[in-house]
Amino acid sequence: MADTWTKEKRSEVMSLVRSRGNKNTELIVVRLFRENGITGWRRHPPVFGRPDFAFYRHRLALFVDGCFWHRCPKHARNPKSNLTFWSKKFSANKMRDRLVNRTLRIKGWKVLRIWEHELTVKHRKKLVRRIMTELTQLRRSAHAD
């Protein structure tokens, strides 16, 4: 399908899209934490890579990655126009994600990335189990040291 807006209008619209702080997805995560008694987290902590949430005590950085921007294998769709721009943008996003993961791990952090689609009602129980399992394992390893 061809774009119905002019290049100038498309540019204006895209400039309004913020690259971080998707409030809706983050609020779903906050609600999941509260509903399931998951404590010890901070939102938008001053940690390298700007994770959406951090559990300082366990050194766990949690990122909520958008399916479009971070190229979810299940839901990534390629834009129909300006392919060179988008290819570079997606490649840069993936490279940045790898750098952040590697740097945080070197600094002793565990990185947990969740996909935006995991926040749907259908997937939430599995996601909560995954987060709680990770925190439990980190607690155990901290006590073993």
Side-chain angles (χ1 to χ4, degrees), residues 1 3 5 9-145:
M1 176 180 204
D3 199 344
W5 287 335
K9 179 65 176 173
R10 172 63 59 202
S11 179
E12 176 189 343
V13 169
M14 292 305 289
S15 73
L16 297 173
V17 176
R18 297 292 69 146
S19 62
R20 90 184 268 284
N22 185 330
K23 193 171 181 178
N24 290 334
T25 56
E26 291 175 13
L27 290 178
I28 292 170
V29 175
V30 167
R31 188 173 25 174
L32 288 175
F33 288 164
R34 290 182 177 150
E35 287 174 354
N36 292 280
I38 299 172
T39 60
W41 52 272
R42 293 290 173 259
R43 192 168 166 202
H44 298 157
V47 173
F48 179 81
R50 294 179 163 182
D52 298 301
F53 300 92
F55 294 82
Y56 283 102
R57 184 173 176 206
H58 305 294
R59 296 185 66 82
L60 174 67
L62 188 144
F63 294 86
V64 181
D65 290 341
C67 291
F68 176 77
W69 296 106
H70 295 268
R71 311 311 290 155
C72 166
K74 290 184 178 183
H75 301 105
R77 292 202 173 100
N78 290 321
K80 304 244 188 257
S81 61
N82 207 359
L83 298 180
T84 303
F85 167 80
W86 287 109
S87 178
K88 287 179 185 176
K89 174 66 177 158
F90 295 144
S91 179
N93 287 354
K94 287 184 139 224
M95 283 183 10
R96 185 183 62 247
D97 289 347
R98 284 192 298 267
L99 172 67
V100 167
N101 291 352
R102 189 169 39 251
T103 303
L104 285 173
R105 287 181 183 129
I106 288 168
K107 292 181 176 198
W109 285 78
K110 171 77 177 181
V111 176
L112 184 60
R113 289 189 175 270
I114 60 176
W115 290 110
E116 174 185 21
H117 73 261
E118 291 180 276
L119 299 176
T120 60
V121 174
K122 175 182 173 183
H123 295 98
R124 287 183 190 170
K125 282 185 180 181
K126 185 177 179 182
L127 173 61
V128 168
R129 276 195 312 271
R130 186 172 152 215
I131 293 168
M132 292 177 91
T133 298
E134 197 63 55
L135 288 169
T136 300
Q137 289 174 350
L138 290 169
R139 280 187 201 108
R140 286 183 183 147
S141 67
H143 287 31
D145 293 339

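The structure presented is a predicted model; accordingly, all values stated were derived computationally and were not measured.
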Practice task
Apply side chain to side chain contact (heavy atoms under 4.5 Å, CB included) to Met95 and Val100, showing your working.
Solution key: CA-CA 9 Å; Met95 283 183 10; Val100 167; over 6 Å; no
Exercise for the section: List the steps, then state whether side chain to side chain contact (heavy atoms under 4.5 Å, CB included) holds for Arg105 with Val111. Expected result: CA-CA 7 Å; Arg105 287 181 183 129; Val111 176; 4.2 Å; yes
Problem - Evaluation steps, side chain to side chain contact (heavy atoms under 4.5 Å, CB included), between Phe55 and Ile38 - result: CA-CA 10 Å; Phe55 294 82; Ile38 299 172; 3.7 Å; yes
Exercise for the section: Please step through side chain to side chain contact (heavy atoms under 4.5 Å, CB included) for the pair Leu138 and Lys110, ending with a clear verdict. Expected result: CA-CA 9 Å; Leu138 290 169; Lys110 171 77 177 181; 4.2 Å; yes
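Between Phe68 and Arg77 the shortest heavy-atom distance is CE1-O, 3.7 Å. Residue Pro51 comes nearest to Pro45 through the heavy atom pair O-CD, 3.3 Å, listed as atom of the first residue, atom of the second, then distance. His70 approaches Trp115 most closely through the heavy-atom pair O-CH2, 3.4 Å. Annotation for Gly66 and Glu116: closest pair CA-OE1, 3.6 Å, computed over non-hydrogen atoms. The heavy-atom pair separating Glu26 from Phe53 by the smallest distance is O-CZ, 3.6 Å. The shortest heavy-atom contact between Tyr56 and Val47 is OH-CG2, 3.8 Å.
Here the straight-line distance linking atom SG of Cys72 with atom NE2 of His117 works out to 4.5 Å at 0.5 Å rounding. The CZ atom of Arg43 sits 8.5 Å away from atom CG of Asp52, with the distance rounded to the nearest 0.5 Å. For the atom pair Lys94 NZ and Arg71 CZ, the distance stands at 8.0 Å (nearest 0.5 Å). Between the CG atom in Leu112 and the CD1 atom in Ile114 there is a gap of 6.5 Å [rounded to 0.5 Å]. How far CG of Asn101 is from CH2 of Trp109: 13.5 Å, rounded to the nearest 0.5 Å.
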Using atom types as modelled, flag every donor-acceptor pair under 3.5 Å from a side chain in residues 126-136 to any protein atom, sequence neighbours excluded.
from	atom 1	to	atom 2	distance (Å)
Arg130	NH1	Glu118	OE1	3.3
Arg130	NH1	Glu118	OE2	2.8
Arg130	NH2	Arg113	O	2.7
Thr133	OG1	Arg129	O	2.7
Thr136	OG1	Met132	O	2.8

Using distance only, find each side-chain donor-acceptor pair of residues 28-36 under 3.5 Å and give its atom names and separation, not counting sequence neighbours.
from	atom 1	to	atom 2	distance (Å)
Asn36	ND2	Leu32	O	2.8

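Counting only distance, with no hydrogens or angles, the side chain of Arg59 and the backbone of Leu104 share no donor-acceptor pair below 3.5 Å. No side-chain donor-acceptor contact under 3.5 Å links Arg42 to the backbone of Ala54.
Counting non-hydrogen atoms of other residues, nucleotides and ligands closer than 6.0 Å to CZ of Arg57 gives a total of 12 or fewer.
Side-chain contact between Ile106 and Arg102 is present, with heavy atoms from C-beta onward closer than 4.5 Å.
Listed by chain and number, the residues in a side-chain contact (heavy atoms from CB on, under 4.5 Å) with Ser81 amount to none (sequence neighbours excluded).
Here the two rings, on Trp69 and Trp86, have centers that are under 6.0 Å apart. When ring centroids are compared, Phe90 and Phe85 stay outside the 6.0 Å threshold.
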